[in-house]
Amino acid sequence: MADLVFWIVVGVTIVSAAMVVQSKQLLYSAIALLFTFVGVTGLYIFLWADFIAGVQVVVYVGGILVLIIFGIMLTNKITSVNISHTSVQRGIGATVVLGILAGIGFMIINTPWYQVAATEPEQTTETIGRLLMMDYLLPFEVASLLLLGALIGATTLSRKED
Amino acid sequence: MITGNIITDFCLLILFLPVVAFAINIFIGKRLPRQGDWVSVGAILITLVLSLSMLMNMFMNWDPNFSHEVQFSWIDLGAFKIELGFWVDNITIVMLVVVALISSMTHIFSLEYMKGDIRYSRYYAYLGLFTFSMNGIVLANNLISMYIFWELVGVSSYLLIGHWFEKNSAANAATKAFLTNRVGDIGFFIGIMLMFTAIGSFNFQDLFSGISQGMISGQLLTLAGVGIFLGAVGKSAQFPLHIWLPDAMEGPTPVSALMHAATMVAAGVYLTVRLFPLFSPEALLIIAYVGGFTALFAATIAVTQNDIKKVLAYSTVSQLGYMILAVGVGNYVAAFFHLLTHAMFKACLFFGSGSVIHAMHHSLHELNDQDTDPQDMRNMGGFKSKLPITYWTMTIATLTIAGVPFFSGFLSKDAILAGTLAFAKHYPQHFLLPLFGFGAAAITAFYMFRLIFMTFHGEVKMPKVFKGIHESPRAMTFPLILLSSLGFFIFYTLPYFNPFSDHGWFTELIQASDSVVKGNPTAEEIYEGIHHAHYPAMALSLLVASFGIGMSILMYMKKKLSADIWAAKMGFLYKLSLNKYFFDENYNRFLYQPVLKLSQAIAFVDWDLYDKYFINGFGRVTKWLSFLTGRIDYEGLDQKLVDGVGRTAQGFGNQLKNVQTGRLQNYMLFALAGVIVIIVMQTI
Amino acid sequence: MDSLTNYLFVSASLFCLGLYGVITRRNAVAVLMGVELILNSANINFVAFARFSGMNMAGHVYALFVIVLAAAEAAVALAIIINIFNNFKTINVDDVSQLRQ
Amino acid sequence: MSNLNSLSYFWPELILTGTVLVAIVADLFYRKEDSFKVAWWVLGGLTLTMAAIRMGGSAVTDLFMGTIALDPFAEFFKVLILLSTVLVILISFKTDELKNYSVGEYFSILAIMAFGLFLMASAIDILMVYLSIEIVSIMSFFLAGYLKKSQLSNEAALKYVLYGAFSSGIMLFGFSILFGLTGSTKFFEIRQALAGLENGANLALIISAVFILAGFGYKISAVPFHFWTPDVYEGSPTTITAYLSIAPKAAGFAMLIRFFNQVMGDGTAMINDSWSALGGLPWPQLMGVLAVATMSLGNLVAIQQNSVKRMLAYSSIAHAGYMMMGLPVMSNQGIYGIMMYLVMYLFMNLGAFFVVIYIQGKTGGESYEDFNGLGWTMPFIGVVMALFMFALTGLPPTAGFIGKFYLFAAVIEAGPQFYWLAFFGALNSVISLYYYVRVVKHMYLRGERSDDVSMPSSNLVTVLLVFLAVPSLVLGVYWEPVANWINQSLVLLSSGM
Amino acid sequence: MNHLLSWIIWLPVIGIVAVVIIPRDKGTLIKQVSAVVTGVQLALTIYLWRIYDGSNGTFQFMESAEWIPSFNISYMLGVDGLSLPMVFLMALLGFLGVFVSWNINKAVKGYFALFLLLNTGIMGVFLSLDFFLFYVFWEVMLLPMYFLIGMWGGPQREYAAIKFFLYTLVGSVLMLIAILALYFTCGKTFDMLVLMETAPIALNGVLWWGMSAIKVIWTLLFIGFAIKVPVFPFHTWLPLAHVEAPTAVSVILAGILLKLGIYGILRINYTMLPDGVFWFAGALAVLGLINVIWGAMCALAQTDLKKLVAYSSINHMGYALLGMAAVIAGSSMGGDNLLAAQAGLNGAVFQMFNHGTISAMLFILVGVIYDRAHHRDIDGFGGLAVKMPIYSGIVALAFFAGLGLPGFSGFISEAMCFIGAFPVFRTIVIISTIGILLNAAYFLWAFQRIFFGELNEKYKDLPEINRMELFTVIPLAVITLFLGIYPRPFLDLISETMNILIDQVVSLGGLVNLM
């Protein structure tokens with residue numbers, strides 16, 4: 001059962017991701033992206049990463065995706081939702097990408113990955129929090145500066161100059 | 001009595017007085033009274049006096065083996081040393097007198113002949129330079145200074161031939177003379193290098209002793225000898241480098257007398273005489289053949305020439321050939337003897353022709369005739385009455401050259417012919433050498449009398465011109481008289497008086513020394529041979545001379561035989577001779593033009609191909625590469641190829657195209673491809 | 001399902017699809033979506049590696065930061081895109097590339 | 001070192017953060033016309049930061065639980081970054097491009113970027129690496145697109161952001177693999193784990209390293225990750241172009257060196273003269289090929305540019321290529337060469353860009369033709385520009401030569417197997433002569449002597465140019481102090497503490 | 001004076017400062033200052049010549065100071081018999097060059113500043129004993145040269161200038177690689193004196209890619225120097241640069257710059273890579289031969305007088321190459337023929353000096369006629385000897401000196417080169433003697449076309465050479481003549497140094513066959 005669900009999640013993720021990059025309608029791509037994000041969230045759950053799964057839903061689905069859809073809407077007349085967009089260099093692009101996929105696949109199979117069995121933790125949030133406050137305090141603080149900068153930059157860019 | 005140090009001083013004076021005169025005249029000559037000619041004349045006369053006093057000294061201290069050498073260190077690098085200096089022996093002294101005498105005569109002759117010339121002082125300056133260089137050759141005791149003065153003689157010849165450089169022919173002749181001489185000089189220089197490499201010295205004595213010790217022998221020695229001889233071929237205008245000498249007649253006639261008859265061209269002979277001991281038998285044979293052939297060959301050209309100076313020029317070549325021939329057969333004393341006598345009579349002949357030309361020139365000038373060639377014998381005739389001194393002196397000189405007894409030429413020529421005869425007797429396979437000699441003798445007699453007859457006898461060809469002909473002034477006739485009188489045998493045979501034998505002070509004081517090369521006959525052996533051949537040679541030479549003179553009389557004086565008909569009969573040969581065997585034309589066609597063409601081709605290759613395409617090609621390839629890289633970098637792979645159709649169908653009119661990124665994808669694709677490449681490279 | 005390689009293959013597929021999107025899409029927003037796929041694939045890796053190496057939570061922290069930065073980046077990118085549109089919507093340009101003309 | 005203890009070593013960064021905040025706040029109080037006054041606050045802050053760095057002593061330790069390193073090596077790059085930031089801010093006073101914009105944010109963002117660059121130079125944790133690169137990138141995006149009304153600038157920003165996101169995505173994937181292989185984010189732990197890996201992991205290692213290299217290569221614009229460079233350089237405000245061509249490149253090199261030395265190398269650098277690559281992989285030759293490709297491409301494309309600014313942009317790729325020559329030899333000398341080159345490059349390249357900015361203001365263009373006869377009409381500018389051009393070419397006695405000299409020396413010292421690298425480097429400097437001298441040609445050989453001679457309009461321009469030109473020349477004649485400084489800075493934190 | 005050499009090098013820099021300070025409307029003052037500075041420099045070099053001890057061929061008047069201790073770079077100067085003549089020649093031509101440039105009116109200030117800078121650069125190359133210093137000076141020359149050709153040159157000056165620049169830079173970057181290779185393989189020092197001792201030993205048997213390191217370094221250095229000489233096939237920058245450069249710059253180019261190449265080969269290749277000398281001597285001789293013949297043939301075909309003179313430089317440098325190749329005669333392989341080695345090497349150096357004076361003279365004279373007729377087409381003149389007897393006389397003198405006429409110094413040096421090379425490279429030397437003929441051919445033919453024949457009516461009012469021009473030519477002519485008659489003062493000065501050089505090559509080189 002769990003296996004079935006897993007493969008369904010995987011299927012949803014990959015198929016929708018393929019739609020993201022394939023669809024001729026930009027908006028369809030955005031919607032497919034939603035399913036991808038959700039699928040990835042599912043994978044996180046399978047990986048016992050509850051906190052990350054939550055963040056994924058909130059930030060990606062709730063934030064980034066909305067942002068993207070806004071972007072699509074804002075850059076197009078709101079009335080026409082039917083926005084087609086084109087692709088370039090599909091053939092060669094696909095070749096290159098398949099090459100990379102083959103390489104990575106080969107790597108995945110052949111590499112003796114470092115694996116340690118572990119039991120499922122109660123929840124990950126606390127550990128993550130501790131890590132953030134201890135080992136990764138500096139990145140945590142720095143990230144805030146980054147966000148501040150991004151904020152300033154984004155407002156500067158979007159502000160109408162007079 | 002003059003001793004060592006004084007001889008050195010004399011030699012220094014003889015050498016440097018003319019060059020001082022040169023310096024004075026070249027810099028301030030124009031501002032001096034009489035344009036400075038007195039400086040040069042004075043200097044050369046002092047030189048003459050000094051040389052004569054050395055000659056007197058030679059007579060007083062009768063010593064056939066007199067030798068005096070001084071030298072100083074010119075270059076000293078430790079191992080590599082060059083010492084320059086003088087080597088004075090009897091040959092040197094005689095040669096110094098010849099140079100000084102002819103040069104003085106030329107200076108005096110030119111006082112009148114060159115009067116009013118626009119570059120009068122420069123002319124005298126150059127004469128000084130020449131005398132200096134010639135004396136340098138005469139005095140040299142080593143190959144390097146020989147070579148140095150050798151070249152300097154070439155330069156003064158260049159300057160003097162080109163004296164009237166406004167005339168293209170003169171300018172051409174000057175350049176030609178220098179370049180042709182240089183061809184010979186290359187050989188000379190290679191010879192010097194061969195000698196030096198083997199022996200390590202340039203000094204003549206060292207060379208002789210080195211060769212006798214066998215430090216250089218066999219083919220190498222022959223090669224070195226031939227190389228050195230090539231220098232003589234150039235300077236003495238031997239076949240095939242004879243072409244410059246006739247052209248050199250573009251120079252003022254006194255110059256022709258001095259350089260292109262008496263001294264400079266004799267330098268080649270002098271060189272071979274000086275270095276005779278080091279020539280190997282093979283080299284000598286080559287020398288003999290070149291000389292013999294030249295003697296005959298030039299004579300055949302002289303026969304048909306109409307320009308009075310050209311006849312004399314070819315005659316000079318022929319006579320030089322004689323001398324070379326004599327050296328080749330080992331009879332180098334005879335060669336030097338002939339050099340001496342030839343200097344006198346040929347200078348006289350040239351001065352004579354100068355006198356004639358001078359007279360013609362004046363006459364034509366008065367008539368305002370620019371077109372008539374004052375040197376063409378066909379415009380002359382019957383001048384005997386108008387130019388008596390010239391006529392008589394030239395006739396004496398002609399008799400001398402023709403080898404008529406009682407004149408010096410008879411003695412010297414006889415000695416040479418005897419030598420060839422003796423040589424042929426010893427080596428019958430070289431029978432051609434005496435044939436060359438006797439043939440040339442016959443023809444010489446013929447054409448020289450032809451010259452006299454055409455110029456001074458017969459009917460007047462141009463009466464108008466004839467009217468204006470006057471005997472030359474004393475400054476010009478004096479040298480003529482002096483030199484022609486030196487054509488009598490007596491001056492060379494003293495203290496003996498036998499018109500049929502060259503035995504005299506000359507042969508006693510100037511004695512052949514043995515060759516240092518093994519295999520060459522000793523001087524004694526050669527002398528013996530000549531001695532035996534003496535009478536047959538004399539008889540034969542008298543025969544051929546009288547034959548030549550007789551033919552000439554018949555043809556040009558008595559007009560019993562028509563020259564034109566004979567010319568027509570000879571047809572092809574006549575044409576060949578008249579056109580000097582087309583040497584200039586063929587050289588031009590097969591040598592100069594190809595070299596010029598080659599040089600142009602090389603310059604073209606260098607500049608328009610190599611530089612333009614190869615060197616600039618680097619730049620071009622870089623630019624092309626840059627363009628190519630730029631294309632790839634800008635455009636990526638051509639999008640039309642990759643995804644052309646879809647783009648053109650849908651790409652335009654889209655609202656979003658402002659946000660479309662175009663080539664960005666290409667960049668990313670390239671980056672990705674790069675990643676793959678790197679991974680592959682790393683993995684393999 | 002409890003195999004590391006499964007997750008890695010999923011992530012590799014996502015990664016490649018993302019790459020494909022990035023290099024084929026002409027629309028900037030679509031390119032951005034491709035980038036998001038790539039980031040997600042990396043995150044799957046991080047989390048999966050964390051899970052199979054004895055719950056190494058550093059991976060989770062890393063994933064967390066990636067998500068945050070992705071959000072920031074997306075915001076910035078969209079701000080730029082919108083800015084371009086705002087500034088030039090009235091200008092009729094045939095091709096976007098003014099550069100390199 | 002624990003977080004709390006680390007703070008006392010963290011003064012420069014703290015001051016810099018404070019500067020950012022002050023600048024942001026100060027900006028609120030200025031009207032648009034006065035917004036450039038923010039720069040003074042920033043400059044003040046940067047000066048304080050510099051002072052803090054100089055006073056910091058030369059401790060070698062890790063900070064904040066092993067996320068960043070404190071060592072003279074990082075300090076060296078921080079000084080370079082500060083110096084270039086200060087200079088760019090000063091130059092920004094004189095540019096016309098920013099005239100119609102409120103520039104308060106511009107300076108604040110520059111300060112944040114400097115902060116990011118600091119972290120890049122000292123990061124020893126792959127999370128920190130990613131984070132710092134992102135800070136720098138995002139700030140660069142803004143700065144590149146700062147001229148909102150300029151289509152070029154907008155495009156530059158767009159391309160930059162997409163390309164940046166793309167390459168950081170790839171890098172991130174690489175990091176994730178590395179994490180999977182080693183289970184850690186800290187450099188030293190990673191190295192230890194890698195050292196114990198089996199051979200079968202080599203492919204994974206290679207792939208992750210190459211993916212990571214894509215991110216670093218993007219920062220130093222190495223072929224084939226350089227494609228964004230020309231577009232962004234041309235579209236950005238010229239001041240930013242100048243900045244981008246120096247500071248992020250310096251930080252990128254610092255990071256690259258640190259990463260390949262401490263993670264991919266055997267980690268013993270700065271102790272021995274040379275180190276070896278991990279697992280005996282042929283990194284050196286690959287790096288050499290990339291270096292040659294980078295310099296050749298930069299040069300070849302620079303040749304055909306008609307705009308001096310674009311030429312400088314491409315040539316900055318070439319200069320990155322020269323600097324990369326120091327990497328493959330894997331020796332102190334190589335790193336020494338890179339550092340030396342960076343110092344020299346800072347002055348001459350900023351100088352060249354400043355002249356271009358100045359000329360843009362004077363003639364309104366940046367093509368070669370705009371430089372015609374400049375040597376005659378503006379003798380001072382002409383002379384310094386000629387100096388910068390010759391310095392960039394690498395002719396003695398200019399600073400550029402010394403930079404190249406040390407790089408070549410490093411390559412040659414590494415032995416004959418690298419001579420080809422030196423050969424190509426040499427060849428490339430000849431090629432570069434062609435286009436650099438072209439500027440000189442237009443300045444001096446074109447145009448005539450004129451009586452209408454003008455000197456720079458403001459003292460700041462003169463002072464700045466002199467400040468940039470004098471080191472460009474003097475360091476070419478006497479650079480012993482710089483050499484000593486680098487010698488002392490050649491100490492990397494080499495293991496976890 | 002303790003720092004005589006430094007003074008000689010840096011004096012022009014003082015001049016530059018002065019020139020820069022003088023207001024630009026005072027052109028004459030600038031020229032006068034330049035003249036004074038170079039004059040003082042010339043006086044110093046003459047003084048140096050006088051106090052230099054020729055019987056001791058080692059370096060003298062050495063100066064040494066720390067410069068960049070961290071890289072073992074020092075400021076080290078010294079002069080020996082090889083550099084002294086070149087220093088003197090540079091001072092002389094620098095001094096005369098100021099007067100040759102007297103009629104420069106465009107941007108006088110810049111011109112003289114650059115001219116003086118060039119002077120410093122060249123002096124520095126000749127006097128420096130530190131390899132790094134050497135290289136810096138070597139490159140410093142390029143900049144002023146570029147500007148001098150590019151700004152004051154002829155119609156194609158831009159092309160000529162950049163071509164010169166690129167060409168020589170290729171050479172010098174290769175040289176830099178070689179210098180660094182020497183530095184690292186021979187004990188990390190730039191001190192030439194030390195390298196002369198260590199390099200021949202340290203490089204012995206070192207193989208790079210299966211090839212002897214000596215060969216590699218030799219080749220790199222040689223290309224660098226050969227471009228300057230210029231040795232065929234690296235010569236094509238020269239005609240162009242010479243033709244386009246202003247007269248004074250052509251004078252320096254031909255008179256000094258070309259010598260730098262040979263100086264470098266002798267100073268560096270010969271002393272540090274003696275094994276390479278033996279390896280390369282044959283090729284050197286062949287290159288010399290090609291230079292001789294090729295240069296002469298090209299000169300023969302020229303219609304531009306200046307180009308002709310330029311190609312004649314290529315031709316003349318060929319003789320020096322031949323002479324240099326002769327050095328191997330001194331070894332046991334060459335038959336212990338010390339004679340030939342001495343003749344060749346001294347001849348080569350002497351030839352350098354002579355070509356310096358002679359070609360300088362030629363270029364000045366070409367400049368004279370160009371100033372008057374505004375063209376240099378040989379066939380465009382004719383009969384000028386009538387109008388300009390003094391000028392034509394001096395040209396004749398210069399041409400004769402150029403074609404190696406005895407009595408002029410060129411003859412001695414050419415002869416010495418030939419004599420030296422002959423024992424070892426017999427065939428090559430014999431073929432190259434054709435050059436003697438071609439030399440004469442192109443010079444005399446040109447002379448004839450310009451000065452002989454009927455006067456070209458266009459030039460019937462051509463003014464005679466003036467005093468200033470005469471002043472620039474006469475010292476050179478006097479030197480040429482004097483040394484042509486009595487070369488000992490010069491040869492005695494250099495011969496000891498040459499002996500040391502020969503000894504260095506012969507005793508350290510040729511011991512092993514290079515791979």
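Throughout, a chain's letter reflects where its sequence line sits, starting with A, and its residues are numbered from 1. As a basis for the values below, the full set of heavy atoms in this structure was taken, side chains included, without hydrogen atoms, waters or symmetry mates.
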Please determine, among [options], the option with the most heavy-atom pairs under 4.5 Å with chain D.
options: E:I162, E:L143, E:L142; result: E:L143
options: E:F147, E:Y183, E:W152; result: E:F147
options: E:G110, E:A181, E:P69, E:A213; result: E:P69

Can you tell which part of [X] gets under 4.5 Å to a heavy atom of chain E, answering side chain, backbone, both or neither?
X: D:I486; result: neither
X: D:F408; result: both
X: D:F423; result: both
X: D:F405; result: both

>> Between E:W10 and E:F137, is the ring centroid distance below 6.0 Å?
In response: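 Between E:F137 and E:W10, which both carry aromatic rings, the centre distance is below 6.0 Å.
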Ring centres under 6.0 Å, that's the criterion: do D:Y419 and E:W209 meet it?
yes
**Request:** Just say parallel, tilted or perpendicular for the rings of E:F222 and E:W218, cut-offs at 30° and 60°.
**Result:**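 Ring orientation, 0 to 90° scale: parallel.
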Treating [X] as the side-chain partner and [Y] as the backbone partner, does any N or O pair qualify as donor plus acceptor under 3.5 Å?
X: E:Q156; Y: E:L240; answer: no
X: D:K404; Y: D:G425; answer: no
X: E:D130; Y: E:S74; answer: yes

Toward chain D, the part of E:I73 with a non-hydrogen atom under 4.5 Å =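 Only the side chain of E:I73 comes within 4.5 Å of chain D.
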query = Is chain D contacted by the side chain of E:L166, its backbone, both, or neither, given a heavy-atom distance below 4.5 Å?
reply =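 Contact with chain D: backbone and side chain both.
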| Between D:T398, D:T393, D:V437, which shows the greatest number of heavy-atom pairs under 4.5 Å with chain E? |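 Looking at each of D:T398, D:T393, D:V437 in turn, D:V437 comes out on top.
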Among D:P416, D:G476, D:A483, which residue has the highest count of heavy-atom pairs closer than 4.5 Å to chain E?
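Between D:P416, D:G476, D:A483, the count favours D:P416.
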dist E:I227:CD1 -> E:L238:CG (nearest 0.5 Å) comes out at 12.5 Å
For E:I217, run the side-chain contact (heavy atoms from CB on, under 4.5 Å) check against E:I214, E:T219, E:L221, E:L220 and tell me which one passes.
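Looking at E:I214, E:T219, E:L221, E:L220, the match for E:I217 under the side-chain contact (heavy atoms from CB on, under 4.5 Å) is E:L221.
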